[in-house]
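First comes the structure, then the notes that go with it.
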Amino acid sequence: MKNGFVIFLAAFAVLFTSWSAFVLGPQLQLGRAKQVAVLNSSDVYPINRPGEAAQGLQIYRANGCAACHTEQVQQTGVACDVVLTAAGKNPSAVSNLISTLKLNGLTEQEAESAAGKIAAAGGKVETHVIATGADISRGWGLRHSVAEDFLYDNPVQLGGVRVGPDLAGVGARLPDANWQLLHLYAPRSVVKDSVMPPFRYLFVKRKIDGAPSPDALKLPLTQQPDEFMPTPGYEIIPTDDAKKLVAYLLSLHADVPLYDAPFTPPQISTNAPAK
Amino acid sequence: MTVNENSTNQIDASCRVPLLVLFGGAALWLVVSSLLALVASLTFHMPEKFGDCPWLTYGHIQPAADDALLYGFCIPAGLGVALWIFARLGQTPLRGAMVPVVAAHFWHFGVLVGLVGIFVGDSTGFQWLEFPRGGSALLFFAYLLLGLWALMNFSGRRESGLFPSHWFLIAALFWFPWIYSTANILIVGWPVRGVVQAIIAWWFGNNLVFLWTSLVGLGAAFYFLPKFSGRPLQTYFYALFAFWMLIIFGSMRGVPAAAPVPAWLPNLSALNSLMLIVPVIAIAVIGWKTVCGAASQECKGGSFCMIKFGFVSFVLSGLMLFATACPHFSQLTQFTWLSAAQTQLQLYGFFAITMFGAIYYILPRAVGIEFRFPKLIRVQHWFAMLGIILFVASLAIGGIEQGMKLQDASVPFADSTKTVLPFLRASTMGLLLLVIANLLFALNIFAMILAWKWSVAKAVFAFVISPLEKSEVKA
């Protein structure tokens, strides 16, 4: 290449192609994305985060939480369980048949064939779809993360390295607000050996004046090493920023089945004894 | 002194002030960046100590350290080297030196604004794009000014030939304004919806951290390697091929394999990362054929050594990108420290060390003063080399161990953190060596700036106190 203008044109053509593929293309495909239907339900997904949680996203951004936490649950595949819901008119034949079949951890084709055999014998079955993978087994989510999970977030905080655990489903996994506050205030008081720095600047330590504040951190008196306890007569009050951050964390539960990430939600038995 | 040497001296001298401002600020940010990275790394030794001051938490200080290295050191150092190479290759002194001087001041001020922004919680939250809009606007206009000035000087060159270094440097000059404006407009200014933000941020990060630094670093290496080894670049056509392949495959990647985005994006990224092996091998062959077999000078820890080390780091960094795009290995290494290891190898092992070599060669010629502590150059090179090797190797091995634990569901998550901790602590030692290397570098640069200021002050003083010529005295 002997001419500077030729280099300019070459660079322009390549960069324009790259820009079209990675900026224009995704914007055309996803830029006008709308809510989608939740599988087997009349609900739509996602809905905007509540106001305090949306403000909490800004605290999450400002403190650089995404430097250590991802919000991307991974999934390696799905496994299917075939579940008998009614034995039909010939229960003994169905039960004999079932005893010869493998019903758990099947591929989709295996599940279809097993369900077909049971249905032919007169039984009624349901096929449950369960996501698989290390993240799912750890309880970080019920399915892999998808673009829809972040539709209303600004900025989208996907993160890139797991210094700490994935947070895409932390609201469902650890729904206790006091636990979350304790964890922010003194991570090692609830997670032994945590390398997370404590976010004490999101809390105020103050003298108890009259009745203790209802907002004060509830420190479990047992099991707590002394180093995490406030001086007697003092209490730890979360600031608004801490409360917003926790509201955001609790709003993170990408746990509805969608067309591009199907699974069968775990059944909650309605006649289970009260806890 | 021959006419030719005289004109070369003139060309070098014309770049003096812009280079002092660009390199002086860069040296300062380099030290700041490594100190910040060192403090960030201490989180893994004593996390409890950082809880009372928001500025000291990892989420503030690590992005600040990364940005101080990239925007504070890499870009101004690269632009300075590009200005000088354009002037030398074009056999034309730099005209209007005030413009790059003003632009360089704006640039460094922009970096300061951006870093303060991160510390006070105004970060945008996207890696490599954390600077809030005030800082980014300053950077953008400073770059535009510097880039346009470099191109104007390029187009007014006396020697009309176009060398491989030119291709790489011109492409880089053009690349940054496009990607930086796209990312800032669509992510910060008028944000697009949902994961498109993340896709654009990944695309931008790759195009700046990998491609821009590769273009400028290789542009400099393709100028200096033939110069030091005393034989032409081997060969022109290999370089042409490598240039094309690098910009094509290097620009169309960046989306991680498991991102929650339409599958064609990670697949296209992975394909292009795998194809990157082609330009990386071509570039390795160019370097090998140019340096080996030539009646090369001994490098003795000087500029030649540094540029050779940088070149090898580039090839290794490219191979790491290739490896982490292979299907099974990418699953193992996603979300681990391995990508941080690759980034540091690219930014420091390749780019920064290549720039050290270039700056050590350029500055004494441009300023006309030798370095105050020439022996420290060799010491600095050893610290930089050992530091980056220790840092990258520990994070890479730790990253792979961490990945194996993360992929095994029977291992609790806390174990993956525990496994990687010793490696993170070893990387702190690497950082410590880098801090020393950066301080030694800054020491030589600042000593030169002071020596130059002193010589200017002496000249002014001598001029002021010199007796007037008779002809200047009015009757």
Side-chain angles (χ1 to χ4, degrees), chain A residues 1-4 7-8 10-12 14-15 17-19 21-23 26-27 29-31 33 61-68 70 72 74 133-134 137-138 144-147 149-158 160-165 187-188 191 193-201, chain B residues 43-44 47-48 50-54 57-60 62-63 121 123-127 154-155 162 166-167 170-171 174-175 178 182 186 191-200 203 240 247-248 251-252 258-262 265 268 335-337 339-340 406-409 413-414 417-418 421:
Chain A
M1 288 191 286
K2 302 282 183 199
N3 187 334
I7 304 171
F8 172 77
F12 183 90
V14 172
L15 187 49
T17 313
S18 164
W19 183 87
F22 284 84
V23 177
Q27 172 63 13
Q29 188 178 358
L30 299 172
R61 165 192 63 72
N63 286 288
C65 304
C68 295
T70 54
Q72 308 177 54
Q74 303 298 300
S137 306
R138 287 205 172 92
H144 67 92
S145 299
V146 289
D149 294 336
F150 308 95
L151 187 62
Y152 294 132
D153 285 349
N154 181 31
V156 171
Q157 298 284 277
L158 295 179
V161 60
R162 285 180 175 167
V163 185
R188 270 157 299 285
V191 180
D193 296 331
S194 167
V195 289
M196 184 167 113
F199 288 79
R200 285 192 289 266
Y201 60 86
Chain B
T43 303
F44 301 114
E48 204 50 56
F50 297 91
D52 296 308
C53 175
T57 49
Y58 188 83
H60 286 90
Q62 184 58 43
S123 157
T124 65
F126 290 94
Q127 203 188 9
F154 164 76
S155 62
L162 210 55
H166 276 131
W167 316 331
I170 291 173
F174 164 71
W175 225 261
W178 187 327
T182 294
L186 296 182
V192 288
R193 287 175 81 192
V195 288
V196 185
Q197 292 182 359
I199 298 167
I200 295 175
W203 170 81
L240 186 62
I247 59 171
I248 291 173
S251 67
M252 287 184 244
V261 297
L265 281 160
L268 181 63
F335 309 133
T336 69
W337 286 97
S339 66
L406 279 176
Q407 288 305 309
D408 183 353
F413 174 77
T417 314
K418 243 185 241 173
L421 266 186

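Only this structure's heavy atoms are used, side chains among them; waters, hydrogens and symmetry mates stay out. Chain letters run A, B, ... following the sequence lines, proteins first and then strands; every chain starts at 1.
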Study note, to complete from the structure: Rounded to the nearest 0.5 angstrom, the CG-CE distance for Leu15(A) and Met252(B) is 9.0 Å

Check your understanding: If every non-hydrogen atom of Ala67(A) is compared with every non-hydrogen atom of Gly59(B), which pair is closest and at what distance?
Key -> CB-CA, 4.3 Å

**Study point:** Part of Ile170(B) lying under 4.5 Å from any heavy atom of chain A
**Key:** side chain

Point to revise | Min side-chain heavy-atom separation Phe150(A)-Gln197(B) under 4.5 Å | key: no

Point to revise | Close side-chain approach of Asp193(A) to Leu421(B), heavy-atom, < 4.5 Å | key: no

Exercise for review: Sort Val146(A) into side chain, backbone, both or neither according to what part of it lies under 4.5 angstrom from a heavy atom of chain B.
Suggested key: backbone

Practice item. Would you mind checking which part of Leu158(A) comes under 4.5 Å of any heavy atom in chain B, side chain (CB onward), backbone (N, CA, C, O), both or neither? Key: side chain

Review point. With chain A, which of Cys53(B), Ala198(B), Gly125(B) has the greatest number of heavy-atom pairs at distances under 4.5 Å?
Key: Gly125(B)

Revision key, fill the gap. Smallest heavy-atom separation, Ile247(B) atom then Ala10(A) atom, equals CD1-O, 4.5 Å

Check your understanding: How close do Ser137(A) and Ala409(B) get, heavy atom to heavy atom, and via which atoms?
Key -> CB-CB, 3.5 Å

Check your understanding: For the residue pair Asn63(A) and His60(B), what are the closest heavy atoms and their distance?
Key -> OD1-CE1, 3.3 Å

**Study point:** Distance, nearest 0.5 Å, that separates CZ of Phe335(B) from CD of Gln74(A)
**Key:** 4.0 Å

Check your understanding: Side chain, backbone, both or neither: which part of Pro54(B) has a heavy atom under 4.5 Å from chain A?
Key -> both

Exercise for review: Sequence neighbours left out, what passes side chain to side chain donor-acceptor pair (under 3.5 Å) with Ser339(B)? Give chain and number order.
Suggested key: none

Check your understanding: Between Arg162(A) and Thr336(B), is a side-chain contact (heavy atoms from CB on, under 4.5 Å) present by the stated rule, with each step listed?
Key -> CA-CA 6 Å; Arg162(A) 285 180 175 167; Thr336(B) 69; over 6 Å; no

Revision key, fill the gap. Scored by heavy-atom pairs under 4.5 Å with chain A, the best of Trp175(B), Phe126(B), Phe50(B), Tyr58(B) is Trp175(B)

Practice item. Output the option from Thr43(B), Ile248(B), Thr182(B) having the highest count of non-hydrogen pairs under 4.5 Å with chain A. Key: Thr182(B)

Review point. Quick one: does Pro26(A)'s side chain get under 4.5 Å of Leu265(B)'s, heavy atoms only?
Key: yes

**Study point:** Side chain, backbone, both or neither of Ala414(B) within contact of chain A (heavy atoms, under 4.5 Å)
**Key:** neither

Review point. Are any of the side-chain heavy atoms of Leu30(A) and Pro262(B) separated by less than 4.5 Å?
Key: yes

Check your understanding: Where does the angle between the aromatic ring planes of Phe12(A) and Phe174(B) fall among parallel (under 30°), tilted (30 to 60°) and perpendicular (over 60°)?
Key -> tilted

Revision key, fill the gap. Answer key: most heavy-atom pairs under 4.5 Å with chain B among Cys65(A), Ala33(A), Gly133(A) is Ala33(A)

Point to revise | Val191(A) versus chain B, the contacting section by heavy-atom distance below 4.5 Å | key: neither

Check your understanding: Which atom pair, heavy atoms only, marks the closest approach of Gln72(A) to Pro260(B)?
Key -> OE1-CD, 3.4 Å

Review point. Within the side chain of Arg61(A), is there an N or O that forms a donor-acceptor pair under 3.5 Å with the backbone of Gly121(B)?
Key: yes

Exercise for review: Pick one of side chain, backbone, both or neither for Gln27(A), based on which atoms fall under 4.5 Å of a heavy atom in chain B.
Suggested key: both

Check your understanding: Relative to chain B, which segment of Thr70(A) carries a heavy atom at a distance below 4.5 Å: side chain, backbone, both, or neither?
Key -> side chain

Check your understanding: Contact part of Ser251(B) toward chain A, heavy-atom cut-off under 4.5 Å: side chain, backbone, both or neither?
Key -> both

Review point. What's the shortest heavy-atom distance between Thr124(B) and Gln157(A), and which atoms?
Key: O-NE2, 4.5 Å

**Study point:** Separation between CD of Gln29(A) and CD1 of Ile199(B), rounded to the nearest 0.5 Å
**Key:** 8.0 Å

Practice item. Measure Gln62(B) against the heavy atoms of chain A and call it side chain, backbone, both or neither at under 4.5 Å. Key: neither

Exercise for review: Would you mind telling me which of Ala62(A), Pro197(A), Ser18(A) has the largest number of heavy-atom pairs within less than 4.5 Å of chain B?
Suggested key: Ser18(A)

Review point. Taking every heavy-atom pair that is under 4.5 Å apart, which of Ile200(B), Val192(B), Leu406(B) has the most such pairs with chain A?
Key: Leu406(B)

Review point. Once you round to the nearest 0.5 Å, how far does CE of Met196(A) lie from OG1 of Thr57(B)?
Key: 10.5 Å

